[in-house]
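Just so it is clear, the structure is predicted and the values come from calculations on it, not from any experiment. Just so it is clear, the values below take in all heavy atoms, side chains as well, and ignore hydrogens, waters and symmetry mates.
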Amino acid sequence: MRRIHVGNALSAFGLGFTVPYLYVYVAQVRGLGAMTAGLVLAVFAVAALVVLPFAGRAIVRRGPLPVLLAALVTAALGALSLGFAGHAVAVLLSAGALGAGQAVMQPALATMIVDCSSAETRSRAFAMQFFLQNLGLGVGGLIGGHLVDATRVSSFTLLFAIEAAMFLLLVVVMATVRMPHSPRIGDAPGRSAKGSWKQLLGNRAMVQLCVLGFVLFFACYGQFESGLSAYGVEAAGISTSALGTALAANTAMIVVAQFAVLRFVERRRRSRVIAVVGLIWAVAWVVAGYAGLGHGSQEMATAAFISTYALFGLGEAMLSPTVAPLVADLAPVGMAGQYNSAFALVKQLALAVGPAVGGPMGAALHGPYVVTFLLFSLGISVLAVRLGRQLTEVQDRPWLGRSRVVTRGGASEAVPAEA
């Protein structure tokens, strides 16, 4: 588990190391223009949407570790080639390889956490994963920002080479992991890919969780670097330095609050925790409305805008030990990889649609933008309460599994507590 967490930190470090500077690199340093730079960012999303359905099946059949190693090598090749790409086709192909590799890493690592944890330790393990991911993103972005120089192509080539080296280092670390045996679809060869997807779609609780997940990522993560930042600049007059401070406040809240809120959520119904997150984010949008529409002083608007990002971070810290373990508990034995990849696919869809919808609204329709996402946040609470009705007692309150019937994927079987 320690090596898996190292993997999460290193993969997040690599992501934060280069992704914030992709636009500048493609559009200005390579001189390929804003259109090509926008296509590169779109390729990241498209590559993830293409590979994730196949990744879930591969994880189920082969196990998460071989899939992770293949994803790391692919990402390393994509990063290295991106550093040397001088024309549009090479840049787009390299970005596709990097995006596909990074997309597959997350469900593979999540499935490894499931296989190496118990129901009792899973929430804490996923909380640690989220903590290290945000720490890695922040540190990677900070170091990368000091290395790059927009006047020198070689500084970006070095940046992508270091990222590729980090992925290859991770290959070496993860190759030493010996995963415990867990059931695979390959152990029961009669099941087809179509049948496994049909089984997933037949799980009403999982379908409702995917709908809820789409709204979660659409209303929060999909707005961070598009709609909300555009709204802050255009409506609240937030400077670029204050925007950077707001993003730092979000990360700082996660790092500081993660294990404090873990004690709160571990003994609460998962559906109720998600509902509370919806309410917290609704308050965040009210505060954002004050920042842009409240006609207060610039200092108050800036403080309110930074507080919005901090409130989002509090909600994220509550979600990390709640949603990912719930996906694992809803998966039948041997199907955790399929379920993790399906949920990652939903996340990517939301992250693709969120900026496309929120960006133009945040820049031009300030009042409707805030009201729309305030309603989405309240919708999260409603959907969470409805999801709770589909969950078994142990899925919603996992600590009961220590002394009562253990339930997975909607099917129950009596198991002694000590088992």
Show the numbers, then the answer: is there a side-chain contact (heavy atoms from CB on, under 4.5 Å) between T36 and R30?
CA-CA 10 Å; T36 302; R30 288 295 182 183; over 6 Å; no

Grab the two heavy atoms, one from [X] and one from [Y], that are nearest each other, plus how far apart they are.
X    : Y    : result
M174 : L72  : CG-CD1, 4.5 Å
H5   : Q129 : CE1-N, 3.9 Å
Q102 : A75  : N-CB, 4.3 Å
L262 : S123 : CD1-O, 4.1 Å
G86  : L32  : O-CD2, 4.1 Å
L378 : A282 : CD2-CB, 3.8 Å

Does [X] use its side chain to pair, donor to acceptor, with the backbone of [Y] at less than 3.5 Å?
X    : Y    : value
Y25  : G83  : yes
R3   : V173 : no
R269 : G388 : no
T157 : F84  : no
R62  : V67  : no

Rounded to the nearest 0.5 Å, what's the gap from [atom1] on [X] to [atom2] on [Y]? Could you check?
X    : Y    : atom1 : atom2 : result
Q133 : N8   : CD    : CG    : 5.0 Å
N340 : Q106 : CG    : CD    : 10.5 Å
D396 : L326 : CG    : CG    : 8.0 Å
R122 : C116 : CZ    : SG    : 10.5 Å
L314 : L319 : CG    : CG    : 10.0 Å
R397 : T392 : CZ    : OG1   : 10.5 Å

Contact check, side chains of [X] and [Y], non-hydrogen atoms, under 4.5 Å:
X    : Y    : answer
E163 : L82  : no
P321 : Q258 : yes
I380 : V277 : no

Specify whether [X] and [Y] have parallel, tilted or perpendicular ring planes, treating 30° as the upper limit for parallel and 60° as the lower limit for perpendicular.
X    : Y    : answer
Y369 : Y231 : tilted
F343 : F217 : perpendicular
F218 : F214 : parallel

* To do: Take S341 and I59 through the side-chain contact (heavy atoms from CB on, under 4.5 Å) test and state the conclusion after the steps.
  => CA-CA 9 Å; S341 294; I59 292 171; 3.9 Å; yes

Test F373 against L228 for side-chain contact (heavy atoms from CB on, under 4.5 Å), laying out the working first.
CA-CA 10 Å; F373 286 93; L228 192 55; over 6 Å; no

Exactly one candidate in V385, L391, L383 meets side chain to side chain contact (heavy atoms under 4.5 Å, CB included) with L387; the answer is L391

ring-ring contact (aromatic ring centres under 6.0 Å, His included) test vs W285 passes for just one of F312, Y309, F305, F376, namely F312

R124 meets the salt bridge (Lys or Arg N to Asp or Glu O under 4.0 Å) criterion, sequence neighbours left out, with E266

Taken in chain and number order and not counting sequence neighbours, the residues that satisfy salt bridge (Lys or Arg N to Asp or Glu O under 4.0 Å) with R268 are none

*Apply the test side-chain contact (heavy atoms from CB on, under 4.5 Å) to residues E316 and N250: give CA-CA distance (whole Å), side-chain angles for both, the deciding distance (0.1 Å), then the verdict.*
CA-CA 9 Å; E316 293 173 73; N250 176 264; 2.9 Å; yes

Is there a donor-acceptor contact under 3.5 Å linking the side chains of S154 and R152? yes

Residue set satisfying ring-ring contact (aromatic ring centres under 6.0 Å, His included) with F131, at least two apart, ordered chain then number -> F259

